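Below: one structure, written as C-alpha cells.
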Amino acid sequence: VTVDGLLDEFAYLLIAVVMGGRKLKEEVQVDVGGVVCSYDLLDNSNVDADAKIGSSVTVVGGAQDAVDAARAAVRLQMLQGNAINVRLVAGQIDVSNFEIQQAKLEGVSVYLGWEFQSIDSESGELTGVNIVSRNDPSQEADIYSDTLVVSASSAPSLIAIELAGSSGVLNVDQTTG
C-alpha cells in the first residue's frame with residue numbers, strides 16, 4: 001500500500017502523526033531513572049508477574065494508553081503492598097467519562113487541564129515532576145514522583161504533509177493535533 005495508491009482509491013486521505021512517548025521520553029532525559037513509556041509499563045505489567053513500580057507515580061497524557069497505564073500502576077502498587085499514589089496529568093482527555101470514572105474509583109487522582117513541563121532529578125533518579133496549568137501558565141505545581149510514565153500519544157507533532165495529487169498541504173494544529 002502506498003500513499004499514491006490510496007489517493008487513487010479515495011478522494012481524501014488523512015495521515016495522523018503523533019510524537020510517541022518513547023520519543024518524548026528520549027527528549028525528557030534518558031539518563032534519569034524512573035522515566036518510562038506507557039507501552040513499556042503496560043507490556044511489563046501484563047507479562048512480568050514481578051513488575052515493579054515506584055511509590056509515587058505521575059502519568060502524563062490524556063489518551064487511552066495513559067488511562068490504562070495509570071490503572072496498571074495502581075494495580076502494581078497494590079501488589080507491592082504500597083499505598084495508592086498515582087496521578088494522571090492531562091491538558092485534555094480523549095477517552096470516555098466512564099473510563100475516567102473507573103480510574104478515579106481505582107484511586108487515580110486526575111489533574112485535568114494541567115500539562116507536563118519538566119522533571120526534577122537528583123543523582124540520576126527522578127524526584128519530581130513540574131506541571132503547568134493549561135488555562136493559566138502562571139500557575140505551576142511541583143509534584144513529588146519517583147516514577148514518570150509518559151503516554152505514547154502525549155503530543156502531536158507539528159507537521160505539514162504535501163499530499164500527492166492534491167491542491168494543498170495538510171497542516172496539523174500543534175494544540176489540537
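None of the values given here were measured: they were computed from a predicted structure.
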Which heavy atom of S45 sits nearest to which heavy atom of L76, and what is that distance? CB-CD1, 3.9 Å

Sequence neighbours left out, what passes side-chain contact (heavy atoms from CB on, under 4.5 Å) with K104? Give chain and number order. I100, Q101, V110

Those residues at least two apart in sequence (or on a different chain) that pass side-chain hydrogen bond (donor to acceptor under 3.5 Å, both in side chains) with S138 are D136

Correct closest heavy-atom pair for L42 and A72 would be CD2-CB, 3.9 Å

Which heavy-atom pair separates N85 from S56 by the least distance, and what is that distance? ND2-OG, 3.4 Å

Exam field: side chain Q92 to backbone G113, donor-acceptor pair closer than 3.5 Å: no

Nearest heavy-atom approach of V149 to S38 is CG1-CA, 3.6 Å

Q117 vs V132, side chain to side chain contact (heavy atoms under 4.5 Å, CB included): CA-CA, chis, key distance, verdict: CA-CA 6 Å; Q117 185 172 341; V132 63; 3.2 Å; yes

Heavy-atom closest pair (V89 atom, W114 atom, distance to 0.1 Å) is CG1-O, 3.4 Å

With sequence neighbours excluded, tell me which residues meet side-chain contact (heavy atoms from CB on, under 4.5 Å) with D120. T127, N130

Please examine the side chains of Q80 and I53, heavy atoms only from C-beta on, and report whether any two atoms are closer than 4.5 Å. yes

Apply side chain to side chain contact (heavy atoms under 4.5 Å, CB included) to residues V129 and L148 and explain how you reach the verdict. CA-CA 8 Å; V129 176; L148 171 63; 4.1 Å; yes

Would you please test V36 and V150 for side chain to side chain contact (heavy atoms under 4.5 Å, CB included) and show each step? CA-CA 6 Å; V36 298; V150 181; over 6 Å; no

How long is the straight-line distance from CD of Q102 back to CG of D68, given to the nearest 0.5 Å? 12.0 Å

Consider only side-chain heavy atoms of I, L, V, M, F, W and Y, link residues closer than 4.5 Å, and tell whether Y144 and V60 are in one cluster. no

Looking at side-chain heavy atoms only, is the closest gap between Q77 and V57 below 4.5 Å? yes

S151 side chain vs G61 backbone, donor-acceptor pair below 3.5 Å: no

Measuring only between side-chain heavy atoms, which start at C-beta, is V74 closer than 4.5 Å to V108? yes

With sequence neighbours excluded, residues passing side-chain contact (heavy atoms from CB on, under 4.5 Å) with N135: S133

Please check if the side chain of N44 supplies one atom and the backbone of D40 the other of a donor-acceptor pair under 3.5 Å. yes

Output all residues satisfying side-chain hydrogen bond (donor to acceptor under 3.5 Å, both in side chains) with S145, sequence neighbours left out; order by chain, then residue number. T58, R87

With R71, which residues qualify under salt bridge (Lys or Arg N to Asp or Glu O under 4.0 Å), at least two apart? E99, E106

When rounded to the nearest 0.5 Å, the distance separating CG of D142 from CD1 of I119 is 12.5 Å

How about D65 and Y39: do any of their side-chain heavy atoms sit closer than 4.5 Å? yes

Is it true that the side chains of N82 and S55 contain a donor and an acceptor less than 3.5 Å apart? no

